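First up is the structure itself, then whatever we jot down about it.
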Amino acid sequence: MKTKYALAVFLILPFLAFAGWIFTIQKSLNAEHDVVIRMRGYDPRDLLSGHYLLLRPDWEQTDCSQFYNEICPRSQFAASYRYYLPEFDAVQLDKLLNEKSPATEMVFAYRKTAKPMVKKLLIEGSDWKDWLNRFSKSLNSEQTSD
Amino acid sequence: MNIEKKVHQWQKAGLLTGTQGLSIISFEKNTSKPYLSYALTVFAFFLVGLGGVSLVAANWDEISPVVKLAVSFVILCACAIATWHAYIRGRGKLFEGLLVLFSALLMAEIGLIGQIYQLQPEGAAPFLFWSAMVFPLIFFCRIPLLPAVWLPISSYALLNFVAENDTIRIFFKSITEHWFWGLGLLWLFIWTVIYQLIKIYAQDILIGLQKALKFWIIVDTANLVLLMDFWGYKLFDIHETPKAVFAFGLALGLNAAAYILGQRLKNLTLPLILSLLLAGSIIPLGFVLSLAALVIVSCHAYNNNRFRLLNVCIFLIGLRIFLLYCQSVFSLVGGGLALISSGIVLLVLIRLWVKIKTIIKGKMKHEN
């Protein structure tokens, strides 16, 4: 009988753990403010590994005025970041980024005392999905007019 | 073993009557468990769980994050309820399968949250999180599939986690620098101690984990023997390093402690690891290491009447000797002659052994 209740507890525990984890992440995402960091491919020949883009901050081209004292806190950020993508868009986006080299940025939830958290990927100032849709449409219309 | 064939042989030899034979066959048929269907059911659930992980990995952008999380939570919740119901209704096969599925879905959920929130990888942290959540469920496993998957994942995660500590990292580095196999053997030792402890104190509770540990200890030992045999000697000259001797002594001491711990049980694993350490560290000939391990397993098989295992060992010993000839004798003619002479020597030795045995038996009869 006791094992029955023990099993119930052990089956419920993961749900509590997940709920706590999501709550912590959400709390971190509601940070003091968002910052936009210019990114570039970690390795231009192989930007895509698995289904994520591997990008690293390009501090030379980042606007440091968005930080305190207008100094980019380089040490607070990692050397590279992953951005997870849907399987079907990943290959296309990787190809386009390598060919066109558009301005790529990442939006981070930033707090002075915590690790910055990735929020969004921007390509030429737009959300990556919008940019990809727009680019694909223009490419299709060019092909039909030819 | 084909019981019907055996019973028929015993009936022919006059050891059993026809009625006794029929009773044995009907008893065996009624009490034997359908192991294959049991294993396949659990494996099927494992595949479904893996499929779930793969689907999550595809990262469906068309579905909003909230819906993704909600759906995954509902699936996980349904699986948890089904698992619990299967347990309280005593449906062992279904319960084990659902437990495997639930554990796989937990892994998928971690992956999903990581994807949705674009979390950056931090070592083996996701695996450690998963291992911690699955650990209490291991206590309910009667078959070793879930524990067999959990063991290497949790070990890898734990090793990564403890290696984040500077002192431990330096310790690991110094072991592998001076004695390449040290870390592998240390890990094998830890598993063996846990295996022995379970066997002594918690055999009934942790039967699944115990079987899984046994499986991995055998696989890892075989793996280490092969690696040390074929590559160890060429890669590292450990015999001239005083620190390696110290590391060897330490490992030997630890293994001796484990051996004493497991002494009350008839167990093959610890003497095997002990001999492996001895041979691998003292005798600079990889061939002897494999041979020593195979001879120990052969002795165990002979003592326990496990003749299939004995045959496999003898075949492997023969194969290893053949490989030794390939390693040391480079011409086909030389290798052929060496093999023929070895075979003749072996035949002579067997003949001598049979003769000596007959003489001893004769003397014993005479004395009686």
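If you're wondering where the values come from, they're calculated on a predicted model, not measured in any experiment. All chains are named by letter (A, B, ...) in the order of the sequence lines, taking the proteins before the strands, and each is independently numbered beginning at 1.
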Main-chain N/O of A:Tyr84 paired to B:Gln118 side chain as donor or acceptor, under 3.5 Å: yes
Can you list the steps and then say if A:Phe10 with B:Phe139 is a side chain to side chain contact (heavy atoms under 4.5 Å, CB included)? CA-CA 10 Å; A:Phe10 295 142; B:Phe139 285 79; 6.0 Å; no
Given a strict heavy-atom distance threshold of 4.5 Å, which part of B:Phe135 is in contact with chain A: side chain, backbone, both, or neither? neither
Out of curiosity, A:Leu7 CG to B:Ile88 CD1, how far, rounded to the nearest 0.5 Å? 9.5 Å
With a cut-off of 6.0 Å (strictly less than), are more than 12 heavy atoms of other residues, nucleotides or ligands near CD of B:Glu122? no
Donor-acceptor pairs under 3.5 Å, side chain of residues 156-163 of chain B to any protein atom, not counting sequence neighbours: which ones?
residue  : atom : partner  : partner atom : Å
B:Asn160 : ND2  : B:Tyr156 : O            : 3.2

Do A:Val118 and B:Tyr117 touch side chain to side chain, with heavy atoms closer than 4.5 Å? no
Less than 4.5 Å apart, side chain to side chain, heavy atoms only: is that true for B:Trp84 and A:Lys4? yes
Approximate separation, where rounding is to 0.5 Å, of A:Ile25 CD1 and B:Ile113 CD1: 6.0 Å
Hits for side chain to side chain donor-acceptor pair (under 3.5 Å) against A:Ser65, two or more places apart or cross-chain, chain-then-number order -> A:Asp63
Checking heavy atoms, do the side chain of B:Ile110, its backbone, both or neither come under 4.5 Å from chain A? both
CD/B:Gln120 to CZ/A:Phe77 distance, rounded to the nearest 0.5 angstrom? 11.5 Å
Heavy-atom pairs under 4.5 Å with chain A are the metric here; pick the option from B:Pro136, B:Ala132, B:Gly114 that has the most. B:Pro136
Take atom CZ of B:Arg91 as the centre, draw a 6.0 Å sphere, and report whether it contains more than 12 heavy atoms from other residues, nucleotides or ligands. no
As an exercise, state the distance from CG of A:Leu11 to CG of B:Leu99, rounded to the nearest 0.5 Å. 7.0 Å
Got a sec, which residues hit side chain to side chain donor-acceptor pair (under 3.5 Å) with B:Asn165, two or more places apart in sequence or on another chain? B:Thr167
Could you tell me which portion of B:Phe140 (side chain, backbone, both or neither) has an atom closer than 4.5 angstrom to a non-hydrogen atom of chain A? side chain
B:Gln115 and A:Tyr52 side chains, donor-acceptor separation under 3.5 Å: no
Non-hydrogen atoms of chain B under 4.5 Å away: do they reach the side chain of A:Lys115, the backbone, both or neither? side chain
Taking heavy atoms only and a threshold strictly under 4.5 Å, list by residue number the residues of residues 73-80 of chain B that touch chain A; give 'none' if the list is empty. B:Phe73, B:Leu76, B:Cys77, B:Ala80
As an exercise, state the distance from CE of B:Met133 to CZ of A:Phe18, rounded to the nearest 0.5 Å. 3.5 Å
Can you tell me how far CZ of A:Arg82 sits from CG of B:Leu119, rounded to the nearest 0.5 angstrom? 11.5 Å
Could you check whether atom OH of B:Tyr87 has more than 12 heavy atoms from other residues, nucleotides or ligands sitting under 6.0 Å from it? yes
Contact origin within B:Ile81 toward chain A - heavy atom pairs under 4.5 Å: neither
